[in-house]
Amino acid sequence: MFGGFGPIILGIIFFILSKTLDNFSVNAGQILFGIVSTYVLAFVQAGASVFNQIETWSLPKSMLFHFSTLYFVYVMCYVLNSWIPFEWQVIAIFTAIFVAVYFIIWIAVYFSVKAASKKLNLQIN
C-alpha cells in the first residue's frame, strides 16, 4: 500500500540535495535505478514478514532470518546506488544504525501487539 512513497521520498531528497549542495547532480539512469531500488526495498520489506508467520520456527530464528534478509538487501541497495560508499568504516556505522533502528522498531511493534492482544483478551472474557 505504501510502496509508492519510496520514489516520492527519493525525489524529495534529490530535490533538497540539489538545492543545498553546489555540485550535486544525478542523471536519468541514477534516478531510474534509485526508483527501482526503492520498490525492491519495499517488496523485500513486505515479503520478509513471511519469516514471522512460519509457526514451526522459534521467535529468535524468524527474527534472525527477517533481520538478515533486510540487512543484506539494504546494504546491497545502498552500496549499489552509491548512497553509502563500499568502505568498511561506513558499513560498520550503517550496521550499527540499522541494528539500533531495527530493534527499536521491533520492540515497539512487539509491545504494541502485546497490548492489543491483551485488550482483545479482556474483551473476550
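We use all heavy atoms of the structure for the numbers below, so side chains are in, but hydrogens, waters and symmetry mates are not. These numbers come from a predicted model, not from an experiment.
- Across all their heavy atoms, Phe86 and Val79 have their closest contact at CB-CG1, 3.9 Å.
- Neither Phe111 nor Leu120 shares a network with the other; the hydrophobic side chains, linked directly or stepwise wherever heavy atoms of I, L, V, M, F, W or Y lie under 4.5 Å apart, form separate groups for each.
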Evaluate side-chain contact (heavy atoms from CB on, under 4.5 Å) for Thr38 paired with Phe5, printing each intermediate quantity in order. CA-CA 9 Å; Thr38 59; Phe5 287 118; over 6 Å; no
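- In this structure, the separation between CG on Leu122 and NZ on Lys118 is 7.0 Å, given to the nearest 0.5 Å.
- In terms of the side-chain hydrogen bond (donor to acceptor under 3.5 Å, both in side chains) criterion, Tyr110 has no residue partners (sequence neighbours excluded).
- Put simply, the side chain of Phe67 does not reach to within 4.5 Å of the side chain of Trp106, judged on heavy atoms.
- Checked against ring pair (Phe, Tyr, Trp, His ring centres under 6.0 Å), Phe65 has the following partners two or more places apart in sequence or in another chain: Phe51, Trp57.
- Contact of the Ser37 side chain with the Tyr78 side chain is not registered, since no non-hydrogen atoms from C-beta on lie closer than 4.5 Å.
- Taken to the nearest 0.5 Å, the CD1 atom of Ile124 stands 13.0 Å off from the NZ atom of Lys119.
- Closest approach of Leu41 and Val73 over heavy atoms only: CD2-CG1, 3.8 Å.
- Shown here for Pro7 and Tyr39, the closest heavy-atom pair between the two residues is CG-CE1, 3.5 Å.
- If you chain together ILVMFWY residues whose side-chain heavy atoms come under 4.5 Å of each other, Leu64 ends up in a group of its own.
- Side-chain atoms of Tyr102 and Tyr71, non-hydrogen and from C-beta on, never get closer than 4.5 Å to each other.
- Pairing each heavy atom of Phe33 with each of Leu80, the nearest pair is CE2-O, 3.7 Å.
- In this structure, CE on Met63 lies 8.5 Å from CG on Asn52, to the nearest 0.5 angstrom.
- To the nearest 0.5 Å, atom CD1 of residue Ile13 and atom CD1 of residue Ile8 are 12.0 Å apart.
- Hydrophobic cluster of Ile93: the remaining members, joined at side-chain heavy-atom separations below 4.5 Å, are Ile97, Val101, Ile105, Val109, Val113, listed by chain and number.
- Taken to the nearest 0.5 Å, the CD1 atom of Ile16 stands 10.5 Å off from the CZ atom of Phe24.
- When the side chains of ILVMFWY residues are joined at heavy-atom separations under 4.5 Å, either directly or via intervening members, Val40 and Phe94 end up in a single hydrophobic cluster.
- Residues meeting the side-chain contact (heavy atoms from CB on, under 4.5 Å) test with Ile104, sequence neighbours left out: none.
- Phe43 and Val50 are assigned to two separate hydrophobic clusters, defined by single-linkage of ILVMFWY side chains at heavy-atom distances under 4.5 Å.
- Pairing each heavy atom of Ile91 with each of Pro85, the nearest pair is CG1-O, 4.3 Å.
- In this structure Ser62 satisfies the side-chain hydrogen bond (donor to acceptor under 3.5 Å, both in side chains) test with no other residue, sequence neighbours excluded.
- One finds the CD atom of Gln45 at 4.5 Å from the OH atom of Tyr74 (value rounded to the nearest 0.5 Å).
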Run Asn27 and Ile31 through side-chain contact (heavy atoms from CB on, under 4.5 Å) and show every step you take.
CA-CA 6 Å; Asn27 62 41; Ile31 292 171; over 6 Å; no
